[in-house]
Number of protein chains: 2
Amino acid sequence: MFNEAVFADDIAAPSAAPATSCTGRASKPARVAQQCTTCSMRSACMPQTLNAQDLSRFDSIVSATRIVKRGDSLYRANDSFQSIYAIRAGSFKTVVMHRDGREQVTGFHLAGEVLGLDGVCTERHSSDAIALEDSSVCIIPYELLEALCAESRTLQQQMLRTMSGEIVRESSLMMLLGTMSAEQRVASFLLNVSSRMKARGYSPAEFNLRMTREEMGNFLGMKLETVSRMFSKFQRDGLVHTHGKQIRIVDIDALGRV
Amino acid sequence: MFNEAVFADDIAAPSAAPATSCTGRASKPARVAQQCTTCSMRSACMPQTLNAQDLSRFDSIVSATRIVKRGDSLYRANDSFQSIYAIRAGSFKTVVMHRDGREQVTGFHLAGEVLGLDGVCTERHSSDAIALEDSSVCIIPYELLEALCAESRTLQQQMLRTMSGEIVRESSLMMLLGTMSAEQRVASFLLNVSSRMKARGYSPAEFNLRMTREEMGNFLGMKLETVSRMFSKFQRDGLVHTHGKQIRIVDIDALGRV
DNA sequence: CGGAAGCTTGATGTGGGTCAATCCGTGTGG
DNA sequence: CCACACGGATTGACCCACATCAAGCTTCCG
C-alpha cells in the first residue's frame with residue numbers, strides 16, 4: 001500500500017495537513033465512502049466550494065481512484081474522453097505533440113488540480129497526461145459530473161470557474177512564451193512553482209522539481225541547456241541555490257524583478 | 001443604421017448567407033425578439049445546438065447588442081465581469097499586457113465567436129478586447145446565462161464545450177509559440193485564418209487581414225519586421241500573394257508543409 | 001559496481017531582433 | 001483637387017540571445 005509520503009519523500013514537510021490515511025490501491029479500484037471529505041487535498045481541489053449535501057453527491061460519482069506510475073500516461077491525445085481526473089497525490093505534465101515530434105508541455109500539475117478538461121469539446125483528449133512520479137488520481141466520470149452540474153448550481157459554477165481558470169492560466173503562459181526572455185521565463189516558472197507549493201502548505205523557498213531540464217525547456221519554449229544556464233546564472237547571482245532538482249530560492253524579490 | 005456590409009465591405013463576398021437585416025443601433029440598445037433565430041451568424045455561434053424552446057429562452061436573456069468602434073475596447077483587463085459577448089459582426093483582438101508594457105495578443109476573433117470567458121473565474125476580466133474594425137456584439141449577461149444553464153442541459157453542455165474549445169485553442173497556440181519557427185508560425189496563422197473564413201462562407205484563398213503587422217507579431221511572438229519578411233518570403237516562393245492587408249493564398253498545400 | 005540518463009559548461013553558429021532608411025496608401029486640410 | 005503628413009509596410013545592415021554541437025561530470029538505479 002502507498003501513502004502520500006511516497007510522493008512527498010524528498011519534499012520539505014507540509015506545514016499543514018499531516019499524511020492522512022489514503023485509500024490505497026485496495027483490491028478493486030477503491031470505491032471508498034466520503035473520499036473527498038477525508039482527502040487532504042480537499043481544500044485545494046474542485047469540490048472546495050460545495051456544501052455537505054453537494055459534496056456527498058459529488059463523492060458518490062467519484063467512483064474510483066487510479067494509480068499511475070512515473071512515466072506512464074493517464075490519457076493520450078486522441079483517446080476517447082470519458083472522465084476528468086483530480087490529482088490526489090503526485091504530479092503530472094500535459095503535453096501536446098507536433099507532427100514532427102516536437103513536444104510542447106502545456107502544464108505541470110500538482111495535487112488538487114484537475115486534468116482532462118481538454119476532452120470536453122471534441123470528446124477526445126487533445127493532449128497526453130504523463131505522471132512525473134508515481135501518482136494517484138480520482139476518476140470523475142464526465143457524464144455523471146455533467147448530470148450533477150445540472151442539479152447542483154454550486155457545482156456548475158465551480159466547474160465553469162475551473163475551466164475559466166484554465167483559460168486564464170494558458171493566456172498567461174502565452175504571454176510568457178510570446179514576450180519574455182529565457183531568463184524571465186525561468187524566473188517566473190520558479191515563482192509560480194513556489195507559490196503553488198506554498199498554497200499546498202509546503203515551503204515556498206525550498207522544493208524539489210519533479211521534471212527534467214528538458215521537460216522544463218519544453219514547457220518554457222527553450223532548450224534544456226538554456227534552462228541549465230539560467231539556473232547557473234541565478235546561482236552565481238545569489239538568487240537561488242540549486243542542486244540538481246533541489247531548489248532553494250534565496251532572494252525571491254530579486255527573482256520577481258528579473 | 002448599419003448592416004453587415006459595413007464590416008465586410010472589402011472582404012470577398014460570402015458564398016452562403018446574404019446580408020440579412022440586422023438589428024442596428026436602434027433607439028435603445030436594441031432588444032429585439034428572436035434575435036438569434038434571424039441572425040446570420042447563428043450557425044457559427046454558441047446557441048447552434050439548441051432546440052427551439054431553449055433557443056427562445058436563450059434569446060430572451062440576450063438583452064442587447066453593443067456597437068464597438070474600431071480601436072475601442074469591449075472590456076479591459078481588471079474590469080468587473082458582468083457578461084460574455086457573442087460577436088455579431090466585425091472582429092476583435094484579445095490582449096494581455098505585461099507590466100513592462102509588452103503586449104501578447106491571445107487571439108483574433110471573428111463573427112460568431114464568444115468573448116469574455118476569461119472573466120468567469122475571478123469575476124474580473126484578465127485581458128483587453130479591442131475591436132479591429134467597427135463591430136457589434138450581443139451582450140449575454142453571465143448571471144442569467146448561468147441560471148439558464150442550470151435549466152437547459154443542452155445549453156450547459158454547449159457552454160462547457162465552448163470553454164473546453166478555448167482551452168484547446170490556447171494549447172495549440174502554446175505549441176506554436178513554444179516550438180515553431182517564425183516561418184511556420186506565419187504559415188499556420190494564415191492557414192488558420194483561411195479555414196475560419198471558409199467556415200463563414202468566405203473565400204479561404206483570398207481575404208483581408210484586419211490587424212496590423214505589429215498585432216500579428218504580438219500574437220505570433222515575433223517582431224513586425226519578421227512578419228513582413230515572412231510574407232515577402234512566401235511571396236517570393238509563390239505560396240501567397242500579398243498586397244498590404246490583402247492576402248491571396250496561392251499554394252495552400254505548400255503552406256501546410258512549411 | 002557499471003551503465004544510462006540527466007546535468008553542466010564551453011565553443012561556435014544562426015534565426016530573428018534591432019536600428020534605420022525608404023516606400024506606400026490613405027485621410028486631411030489648404 | 002492636389003499636396004502633404006502620418007501610420008503602416010518593406011527592406012537592408014548589423015548584432016545578440018539562444019540553439020547547436022560536443023565533452024565531461026554527477027546521480028540514480030538495476
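Just the heavy atoms: all of them, side chains too, but no hydrogens, waters or symmetry mates, feed the values below.
Under a cut-off of 6.0 angstrom, the local environment of CD in A:Glu225 is crowded, with over 12 non-hydrogen atoms contributed by other residues, nucleotides or ligands.
Note: CZ (B:Phe234) to C1' (D:dT10) measures 16 Å, nearest angstrom. What separates CE of B:Met230 from C1' of C:dG15 is a distance of 8 Å, to the nearest Å. Atom-to-atom, CG of B:Leu224 to C1' of D:dG7 comes out at 12 Å; the value is rounded to the nearest Å. The distance between atom CG of B:Asn218 and atom P of D:dA9, rounded to the nearest whole Å, is 12 Å. Atom CD of A:Gln235 and atom C1' of C:dC7 are 13 Å apart (whole Å). Straight-line distance from the CZ atom of A:Phe231 to the P atom of C:dT9: 12 Å, rounded to whole Å.
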### Task
Please test A:Phe108 against A:Phe219 for ring pair (Phe, Tyr, Trp, His ring centres under 6.0 Å), starting from the C-alpha separation and ending with a verdict.
CA-CA 8 Å; A:Phe108 295 115; A:Phe219 179 58; 5.0 Å; yes
Nucleotide N/O to protein N/O under 3.5 Å, stretch nucleotides 1-6 of chain C:
none

What are the atom names and distances for every N/O pair under 3.5 Å that joins the protein to nucleotides 19-28 of chain D?
residue: D:dA19; atom: OP1; partner: A:Lys223; partner atom: N; Å: 3.4
residue: D:dA19; atom: OP2; partner: A:Lys223; partner atom: N; Å: 3.4
residue: D:dA19; atom: OP2; partner: A:Thr226; partner atom: OG1; Å: 2.3
residue: D:dT20; atom: O4; partner: A:Arg229; partner atom: NH2; Å: 2.8
residue: D:dC21; atom: N4; partner: A:Glu225; partner atom: OE2; Å: 3.3
residue: D:dT27; atom: OP1; partner: A:His243; partner atom: NE2; Å: 3.2

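Look at B:Ser228 and you won't find any side-chain N or O under 4.0 angstrom from OP1 or OP2 of D:dT11.
By the 4.0 Å N-to-carboxylate-O rule, B:Asp134 lies too far from B:Arg70 to be salt-bridged with it. Taking the charged nitrogens against the carboxylate oxygens, A:Glu113 and A:Arg169 have no contact shorter than 4.0 Å, which rules out a salt bridge.
Taking OG of A:Ser136 as the start and NZ of A:Lys69 as the end, the distance is 11.0 Å to the nearest 0.5 Å.
Looking only at atom types and distance, the side chain of A:Glu170 has a donor-acceptor partner in the side chain of B:Ser171 under 3.5 Å away. Using modelled atom types and a 3.5 Å distance limit, the side chains of A:Gln235 and A:Thr242 yield a donor-acceptor pair. Looking at A:Glu133 and A:Ser91, their side chains do bring a donor and an acceptor atom within 3.5 Å of each other. With hydrogens and angles left out, the side-chain atoms of A:Thr94 and A:His109 include a donor and acceptor closer than 3.5 Å. In this structure, a donor-acceptor pair under 3.5 Å is present between the side chains of B:Arg76 and B:Ser73.
The aromatic rings of A:Tyr75 and A:His125 sit parallel, their planes meeting at an angle under 30°, below the 60° perpendicular limit.
A heavy atom closer than 4.0 Å to some atom of DNA chain C occurs in B:Ser181, B:Ala182, these being the qualifying members of residues 175-185 of chain B.
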